[in-house]
Amino acid sequence: MSRVLPAAGEGFPLSVPVLVIGGGACGLTAALAARDAGVEVMVLERDPSPSGSTAMSSGMIPAAGTALQKARGIEDSPAIMAADIQAKAHGENDPAMVAAIAEASGPAVDWLVQRHRVPLILVEGFLYPGHSRPRMHAPVSRSGTDLVAGLLAATAAAGADIVVDATVTTLFADPDGRVHGVEIMRPDGSSEKIGCEALVLACSGFGGNAELVRRHIPEIAGAHYHGHTGNRGDALIWGEQLGAATRQLGAYQGHGSLAMPHAILISWALMMEGGIQVNSEGRRFSSEHDGYSEQAMRVIAQPDGVAWNIYDSRLHELGLQFEDYREAVQAGAVKSADSVGALARLCRLPAAALEETVSEVVALASRPGQDRFGRDFGSRPALTAPFHAVKVTGALFHTQGGLAVDTGARVLRVNGTVLPNLFAGGGAACGISGAGRDGYLSGNGLLAAVVLGAKAGAGAAALAQQGG
């Protein structure tokens, strides 16, 4: 139940300057920014411990011009990053928002690493589709769980209050949209009211709300949802009741490489570095280098809605750098064989067709130019025995549309003015992934979470210091 009720006549036994709803990367980053401003902040998290969509990700934050990039001699800039984002999204994003987020990305990551000791490294060795520079910053494990752990340690050291098992059900607001507080529900059925001077919505998107997905993204409505079940669209529902504008609600992050039936993410780095996808007929059906988000629907369109990732031991070793992939190996999702024919028998794929497909891509690796799907195999080593395979499907990971915000993460009304004291970031706000599924540039979710989270926390703190 996500509702907004009149604040008139309501009392709040406890009140804090800044309230944050959601304890993922966006909420924790907002809390850090508020504490850096010297303002008391409380994070309300519905789960027994903070996790959210961040914990289900690979923990990679794209950022341009960071100290970690400079130390490795990587030349990058906000302008280059903004151009990459817009190219992937076909120019469908607000240019001012993209420029502001790209400009703030490097300082945000440096701030997390240098001031708050969040353990991040620059991920090198491969590029995700659409990125022209190595700019992914992640824990060594490439694990979103470890990113959450690093942010939690930082918020604890900064003195932020994090309240778990606290599901926000109600916002109390004036007719003009000024929020005065919230009501939370505890697992035992008890409730509490907490007041605030400013509120940050960091409770992600609506992928876990089947009704909203059917309404706004019907093409993916029947697909497997591999996101946090708490992403029920609370921010969207509250925002609309407060008069907020929404944007690009049809945008989403899909993924065409979710191991089945294990439901474990298989990194797209394997495809970018030489791997291929085939259907149950042993045939390729697309360019794997277009992007993993758009690949979700392509995989779903194949017989039985599945595909097989095919790659070799060089790429298997690359995969082992990722915690998710190691889990897939332990779960038995990764099949291995000394020859293509043996792999086909193991996976129950037509041997002749698979051998023909692999022979074709091996030949393509020896000459420049694009294949019939538009992929160039010449820049990577040819696949060699032994071989590996994983059965995968396409899935919905995260919605990318949401509440309209300005470059300071303040929520906007339909007429373009700002709501008095409401901020949003991460999946709660409209992202920078265009209008559909193919505009998602890898890392866009955590980019919006961290950058808009930092902006929201700082802005909410400043507003609270002014007395709301």
Novice: Give the C-alpha distance, both sets of side-chain angles, the deciding distance and a yes or no for salt bridge (Lys or Arg N to Asp or Glu O under 4.0 Å) between Asp324 and Arg142.
Specialist: CA-CA 8 Å; Asp324 285 336; Arg142 278 78 157 169; over 6 Å; no
Novice: Against the six-membered ring of Phe377, is Arg375 placed for a cation-pi contact (under 6.0 Å from the centre, within 45° of the normal)?
Specialist: yes
Novice: So, for His216 and Tyr252, is the gap between ring centers shorter than 6.0 Å?
Specialist: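 Centroid separation for His216 and Tyr252: 6.0 Å or greater.
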Novice: So do Gln69 and Leu122 actually touch side chain to side chain, heavy atoms under 4.5 Å?
Specialist: yes
Novice: Please report the closest heavy-atom contact between Gln248 and Cys430, naming both atoms and the distance.
Specialist: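 So the two residues come closest at OE1-SG, 3.4 Å.
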Novice: Please confirm whether the backbone N or O of Arg133 pairs with a side-chain atom of Asp76, one donor and one acceptor, at under 3.5 Å?
Specialist: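 Checking the backbone N and O of Arg133 against the side chain of Asp76, no donor-acceptor pair under 3.5 Å is found.
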Novice: For a quick check under 3.5 Å, do Ser57 and His398 share a side-chain donor-acceptor pair by atom type?
Specialist: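 No.
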Novice: I'd like to know if the side chain of Arg314 and the backbone of Gly274 have a donor-acceptor N/O pair within less than 3.5 Å.
Specialist: no
Novice: Determine whether a donor-acceptor pair (N or O, by modelled atom type, separation under 3.5 Å) exists between the side chain of Thr417 and the backbone of Arg413.
Specialist: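 Not a single qualifying donor-acceptor pair exists.
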Novice: Under 3.5 Å, is there a donor-acceptor pair linking the side chains of His228 and Asp47?
Specialist: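 On atom types as modelled, these side chains qualify, holding a pair under 3.5 Å.
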Novice: Please check: side-chain N/O of Asn421 versus main-chain N/O of Val179, any donor-acceptor pairing under 3.5 Å?
Specialist: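 At least one qualifying donor-acceptor pair exists.
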Novice: Are Val278 and Arg283 close enough that some pair of their side-chain heavy atoms sits under 4.5 Å apart?
Specialist: no
Novice: Could you tell me if the side chain of Val118 sits less than 4.5 Å from the side chain of Leu151, heavy atoms only?
Specialist: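 Yes, close enough: below the 4.5 Å cut-off.
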Novice: Find the distance between OG1 (Thr357) and CZ (Arg284) and round it off to the nearest 0.5 Å.
Specialist: 8.5 Å
Novice: Could you check if a side-chain atom of His116 sits within less than 4.5 angstrom of a side-chain atom of Asp36, using non-hydrogen atoms only?
Specialist: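 SC-SC contact between His116 and Asp36 confirmed.
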Novice: Treating Glu45 as the side-chain partner and Gly23 as the backbone partner, does any N or O pair qualify as donor plus acceptor under 3.5 Å?
Specialist: yes
Novice: Do the side chains of Val43 and Thr155 get nearer than 4.5 Å, heavy atoms only?
Specialist: no
Novice: Would you check, one step at a time, whether the test side chain to side chain donor-acceptor pair (under 3.5 Å) holds for Asn444 with Gln400?
Specialist: CA-CA 9 Å; Asn444 270 3; Gln400 290 293 298; 5.1 Å; no
Novice: Strictly by modelled atom types, are Gln295 and Asp290 linked by a side-chain donor-acceptor pair under 3.5 Å?
Specialist: no
Novice: Check whether any side-chain heavy atom of Leu258 sits under 4.5 Å from a side-chain heavy atom of Tyr292, and report yes or no.
Specialist: no
Novice: Decide yes or no for Leu152 and Leu28: does some side-chain heavy atom of the first lie under 4.5 Å from some side-chain heavy atom of the second?
Specialist: yes
Novice: Quick one: OH on Tyr128 to CG on Asp84, what's the gap to the nearest 0.5 Å?
Specialist: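 Rounded to the nearest 0.5 Å, the OH-CG separation comes to 15.5 Å.
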Novice: Run the salt bridge (Lys or Arg N to Asp or Glu O under 4.0 Å) check on Asp234 and Arg46 step by step: do they pass?
Specialist: CA-CA 12 Å; Asp234 299 300; Arg46 74 166 68 217; 2.6 Å; yes
Novice: Return yes if some donor-acceptor pair links the side-chain N/O of Thr169 with the main-chain N/O of Met185 below 3.5 Å, else return no.
Specialist: no
Novice: Between the side chains of Asp110 and Thr66, does any donor sit under 3.5 Å from an acceptor?
Specialist: no
Novice: Checking side-chain polar atoms at under 3.5 Å, does Ser280 have a donor or acceptor matched by the opposite partner on Gln302?
Specialist: no
Novice: Could you go through the ring pair (Phe, Tyr, Trp, His ring centres under 6.0 Å) check for His316 and Tyr325 one step at a time?
Specialist: CA-CA 9 Å; His316 174 70; Tyr325 186 80; 5.5 Å; yes
Novice: Checking side chain to side chain contact (heavy atoms under 4.5 Å, CB included) for the pair Leu441/Leu447: CA distance, chi angles, key distance, verdict?
Specialist: CA-CA 10 Å; Leu441 185 67; Leu447 172 62; over 6 Å; no
Novice: I'd like to check Asp376 versus Leu364 (side-chain heavy atoms, cut-off strictly below 4.5 Å). Are they in contact?
Specialist: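 No, every pair of side-chain atoms sits at 4.5 Å or beyond.
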Novice: Ignoring hydrogens, what is the shortest heavy-atom contact between Pro134 and Leu127? Give both atom names and the distance.
Specialist: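 So the minimum-distance heavy-atom pair works out to N-CD2, 3.4 Å.
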Novice: I'd like to know if the side chain of Gln277 and the backbone of Gly256 have a donor-acceptor N/O pair within less than 3.5 Å.
Specialist: yes
Novice: I'd like to know if the side chain of Lys88 reaches the main chain of Asp438, judged simply by a donor and an acceptor atom lying under 3.5 Å from each other, with no hydrogens or angles considered.
Specialist: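 Side chain of Lys88 to backbone of Asp438: a pair is present.
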Novice: Report the C-alpha separation of Leu32 and Trp111 in whole Å, then their side-chain angles, then the decisive distance to 0.1 Å, and conclude whether the side chain to side chain contact (heavy atoms under 4.5 Å, CB included) test is met.
Specialist: CA-CA 10 Å; Leu32 285 174; Trp111 166 69; 3.7 Å; yes
Novice: In Å and rounded to the nearest 0.5 Å, what is the CG to OG1 distance from Leu236 to Thr399?
Specialist: 8.5 Å
Novice: Please step through side chain to side chain contact (heavy atoms under 4.5 Å, CB included) for the pair Met97 and Val405, ending with a clear verdict.
Specialist: CA-CA 9 Å; Met97 183 62 71; Val405 298; 3.9 Å; yes
Novice: List the atom of Ile74, the atom of Glu124, and the distance in Å for their closest heavy-atom pair.
Specialist: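 So the minimum-distance heavy-atom pair works out to CD1-OE1, 4.3 Å.
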Novice: Apply side chain to side chain contact (heavy atoms under 4.5 Å, CB included) to Leu383 and Leu315, showing your working.
Specialist: CA-CA 9 Å; Leu383 298 176; Leu315 298 172; 4.0 Å; yes
Novice: Describe, in one word, how the ring planes of Phe397 and His226 are oriented to each other, choosing from parallel (under 30°), tilted (30 to 60°) and perpendicular (over 60°).
Specialist: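 Tilted.
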Novice: Count the heavy atoms belonging to other residues, nucleotides or ligands that lie under 6.0 Å from CG of Asp176, then report whether that count exceeds 12.
Specialist: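 Counting neighbours around CG of Asp176, more than 12 heavy atoms of other residues, nucleotides or ligands fall under 6.0 Å, so yes.
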Novice: For Leu403 and Ala235, which heavy atoms make the closest approach, and how far apart are they?
Specialist: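 Heavy atoms only, the tightest pair is CD1-O, 3.6 Å.
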Novice: To the nearest 0.5 Å, what is the distance between CZ (Arg326) and CD1 (Ile264)?
Specialist: 12.5 Å
Novice: Would you mind telling me which of Glu92, Glu219, Glu294 makes a salt bridge (Lys or Arg N to Asp or Glu O under 4.0 Å) with Arg437?
Specialist: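 It is Glu219; the other options fail the test.
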Novice: Is the closest side-chain donor-acceptor distance between His131 and Ser442 under 3.5 Å?
Specialist: no
Novice: Looking at every non-hydrogen atom in both residues, tell me the closest pair between Leu242 and Ala173 and how far apart they are.
Specialist: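 Taking every non-hydrogen atom into account, CD2-CB, 3.6 Å.
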Novice: Given 3.5 Å as the limit, does a donor-acceptor pair link the side chain of Ser257 with the main chain of Ile266, or not?
Specialist: yes
Novice: Once you round to the nearest 0.5 Å, how far does OG of Ser267 lie from CD of Glu273?
Specialist: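 If I round to the nearest 0.5 Å, the distance is 10.0 Å.
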Novice: Would you call the rings of His388 and Tyr311 parallel, tilted or perpendicular if under 30° counts as parallel and over 60° as perpendicular?
Specialist: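 It falls in the parallel class, under 30°.
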Novice: With rounding to the nearest 0.5 Å, note down the distance linking CG in Asn231 to CG in Asn209.
Specialist: 10.5 Å
Novice: Main chain of Ala63, side chain of Arg135: is a donor-acceptor contact present, judged purely on distance under 3.5 Å?
Specialist: no
Novice: Of all heavy-atom pairs between His224 and Ala263, which one has the smallest distance, and what is that distance?
Specialist: NE2-CB, 4.2 Å
